[in-house]
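Report on one structure; see the data block that follows.
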Amino acid sequence: MTGLYIPCMIHRIRLVLLVFPAIAFLLAPAANAAQKEELQALSGHIMASLTGWAGNRGWEAVTSGETLIEDSGTYYAVTLPHLSFKDHTGRTLEVGLVALNALPGNKPGEWKVTLALPTPLIMKDIKGEQIMSVGLGSQSFSGAWSSPLSAFTAISARYGDIRIDYLPAGLKGGIPSLTLTADQGGMMELTGLNARLLFEKTGAILTVSRFGVRGGGEGAKVAKLRGILPDFLPLDAFLGGSGVTATAGGINLFLPGSQGHTERTVVAENIRAGINARNLSGTSGSMNAEGGFSGLKVVPASPNLAAIVPAQMTFKLDAANLPVDALAAGGGMDAMAQAGTALTLRNGTLSNPSYAFNADFMQTANMAAPLKTVGRGTLAVSGLDTLTNAVAAELDNPATAPELKPYLRDVLAALMAMQLTGKPGKDNSGKPVKTIALENNANGQVLLNGQDIGVLMRMMPKMGK
């Protein structure tokens, strides 16, 4: 019995060994087709991201060819269609062919992706002449793509020796290091080091030791934000866009001397600006923005100029009851008045060792009010005499650049108005302070330190005729 059992088992094993390859052979085309379908979706996502970002800025995408997917046996080599952009002036930005490699991940629908951008990127004018180029000395991009989510769940990219040449402005720039990271929660961060811009026409040089942009949030909020915020905010460059914070540090702007004027350097230690949106739906949207700078100075500077230049600035701005849908559809003040939109400035400061401005105000849109808004605000200024004297002295200084004098005259006029209208007092440390309190009420009155100035304001246009 044993002699018959062993040959029988061997036969069954041989049969299984023959059947498995046959099954694998039969299933392989279907598996490859499914994977290629996922890669087509990945390619479409990348192309949509590139064309959508440019389209929001008035550039038309021009593509040619098809997505090519080649199976190398261990990974897929994917080449996207040839891509370029054209704007209404006839300028063309040539991107070329974006190539990526995709390797199946540990779970179905997951992919490990590397991507390479063409270099350099060339922009040409309507005559076909090159006006700008952006070159990458080195690049490395790796990401984790989820087919079920139709999104990258992680990104890590590094670009080195970036060279920028913009001929019309005579601008040459370089960024030695630029990194990009993103996580599964939708937060993306861009960080750069030691950027340098040379303005060849003037000889000015801007250097920034470090800069970054961090943002993320729910993707559904992006379209609504795009409808009510300025286009220059790079919200849709991130996975979502409901919150963006930009920072820069170690900033130096060198201004060469000309026509007998001394060369100077404007220095800032830190600059920060951020915006965050919450509850962007219907009439109950809310947003806040904050930012400022510190360590601002001009080197060298006369004593008067040193007393004028603000060393730091901060602000916090909140908006509540935003009629987001109406604003995105083009609504204006009436829509905000109906919704009761409230705008609040908190802890607004502008100061240096010689003076300090502190401002707080709140305005609420009100359909029933003659001015369609009611609110109040307070501006407290310490060191006003010192600042006024410094501006007047710098205005009379023969060495002051002529192009600065119109601005100094405007500043001096504003300071003198504060001297006349400000209510004298003292701050918590006992320093003299001038306070200006403004209020516009539901009756349409405008009050300055409790006095109705609405009549005077209404008379001013008539007086100028």
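Starting from 1, each residue takes its place in the sequence as its number. Small disclaimer: the values here were computed from a predicted structure and weren't measured.
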Between Trp111 and Ala102, what is the shortest heavy-atom contact and its length? CE3-CB, 3.8 Å
Any side-chain heavy-atom pair of [X] and [Y] under 4.5 Å:
{"X": "Leu100", "Y": "Leu42", "answer": "yes"}
{"X": "Asn276", "Y": "Met287", "answer": "no"}
{"X": "Thr245", "Y": "Ile275", "answer": "no"}
{"X": "Thr79", "Y": "Glu70", "answer": "no"}

Non-neighbouring partners of [X] that pass side-chain contact (heavy atoms from CB on, under 4.5 Å), sequence neighbours left out:
{"X": "Asp161", "result": "Arg163"}
{"X": "Ser177", "result": "Arg158, Thr179, Leu193"}
{"X": "Ala246", "result": "Val213"}

So the salt bridge (charged side-chain N to carboxylate O under 4.0 Å, His left out) pairs with at least one residue in residues 135-155 (sequence neighbours excluded) are none
Using ring centroids (six-membered ring only for Trp), state whether His45 and Trp145 fall under 6.0 Å. yes
In this structure, are over 12 heavy atoms from other groups packed under 6.0 Å from Lys431 atom NZ?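 Atom NZ in Lys431 is not crowded, with 12 or fewer foreign heavy atoms closer than 6.0 Å.
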What pairs of donor and acceptor atoms, side-chain ones from residues 335-355 against any protein atom, are under 3.5 angstrom apart with sequence neighbours left out?
from, atom 1, to, atom 2, distance (Å)
Thr341, OG1, Asn321, O, 2.8
Thr341, OG1, Met336, O, 3.4
Arg346, NE, Asp318, OD2, 2.8
Arg346, NH2, Asp318, OD2, 2.8
Thr349, OG1, Thr314, N, 3.4
Thr349, OG1, Thr314, OG1, 2.5
Ser351, OG, Gln312, NE2, 2.9
Asn352, OD1, Ser354, N, 2.6
Asn352, OD1, Tyr355, N, 3.3
Asn352, ND2, Ala306, O, 3.2
Asn352, ND2, Ala307, O, 3.1
Asn352, ND2, Val309, O, 3.1
Tyr355, OH, Ile308, O, 2.7

To the nearest 0.5 Å, atom CZ of Phe211 lies from atom CG of Asn194 at 9.5 Å
Table please: side-chain donor-acceptor pairs of residues 116-128 below 3.5 Å, with sequence neighbours left out.
from, atom 1, to, atom 2, distance (Å)
Thr119, OG1, Leu136, N, 2.8
Asp125, OD1, Lys127, N, 2.9
Asp125, OD1, Gly128, N, 3.1
Asp125, OD1, Glu129, N, 2.9

